[in-house]
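What you see is a predicted model; the values in this text were computed from it and never measured. Each ligand, and each atom within it, is numbered from 1 in the order the structure gives. Just so you know, residue 1 is the first one in the sequence shown, and it goes up from there. Computation of the quantities below employed the complete heavy-atom set of this structure, encompassing side-chain atoms and omitting hydrogens, waters and symmetry-equivalent molecules.
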Amino acid sequence: MNIIATHINYYSICHRKLWLFANSIQMEHTSDTVYDGKLLHETSYPQRPNKHSEIELTVHWHSLILQGKVDFYDYKHKIIHETKRGKSIEQAHTLQLKFYIWLFELNGIDGVIGHIEYPKLRKTKEVLLSRTDVAFLEETIQGINKLLHQKKCPETINSKICKKCSYYQLCYIDEV
Ligand code: SF4
């Protein structure tokens, strides 16, 4: 089974969201709040696409395949640049970036750091990977694997983030 950054991101936001996504119920295109981060990056930092590379990372880890696709990687300074619109799910953004740094490490490339950029807020957050983070990621991936094999869809979480979620209508208006 392949685990990608979206799985990590959704697992930290809502288990139900991850389960729906993993079961091919994908509604991102219907959401007004979903914004293409790559497009945001390119419009906010127009020179970057020429200087930074897109990089795909794959690691065989236990019985799983871990995959990450970094849109903007600065080889010279070993910095992953991720651009986000807002900080409402900052924890999920941070974990996603730590996952990428870990994939670099597992591929034998140490010393990589991450920058989460919020151009609309004019803020940048530096992301580093600690050994505690690695243990947490390992635990998270085991949890994701278990969830992806679960037959029953997890319950709704009734959180304030639900109204911005692309599955809102499905979760609270239609029946799954
Ligand atoms: S609407 Fe809420 S409960 Fe449903 S998937 Fe999204 S975050 Fe989870």
Check whether any side-chain heavy atom of Phe99 sits under 4.5 Å from a side-chain heavy atom of Thr140, and report yes or no. no
Just checking: Cys171, one of its N/O/S atoms, less than 2.8 Å away from atom 4 (Fe) of ligand 1, yes or no? yes
Quick check on contacts: which atoms of ligand 1 are under 4.0 angstrom from a heavy atom of Lys17? 5 (S)
With side chain to side chain donor-acceptor pair (under 3.5 Å) as the test, would you mind laying out the steps for His115 and Glu82 before giving the verdict? CA-CA 6 Å; His115 281 178; Glu82 271 286 313; over 6 Å; no
Option whose closest heavy atom lies nearest to atom 8 (Fe) of ligand 1, chosen from Cys153, Cys162, Cys14: Cys14
Any side-chain heavy-atom pair from Lys78 and Asp74 closer than 4.5 angstrom? no
Verify whether one side chain among Asp133 and Ser130 offers a donor that lies under 3.5 Å from an acceptor in the other. yes
among protein heavy atoms, the one nearest atom 6 (Fe) of ligand 1 is Cys165 SG, 2.4 Å
Are any non-hydrogen side-chain atoms of Glu54 and Phe72 less than 4.5 angstrom apart? no
Could you list which atoms of ligand 1 come closer than 4.0 Å to a heavy atom of Tyr172? 1 (S), 2 (Fe), 3 (S)
Relative to the heavy atoms of Tyr168, which atoms of ligand 1 are at a distance of less than 4.0 Å? 1 (S)
Indicate yes or no: at least one non-hydrogen side-chain atom of Phe136 is less than 4.5 angstrom from one of Leu95. yes
What protein heavy atom is closest to atom 3 (S) of ligand 1, reported as residue, atom name and distance in Å? Ile157 N, 3.4 Å
What are the atoms of ligand 1, with element, lying closer than 4.0 Å to any heavy atom of Tyr167? 5 (S)
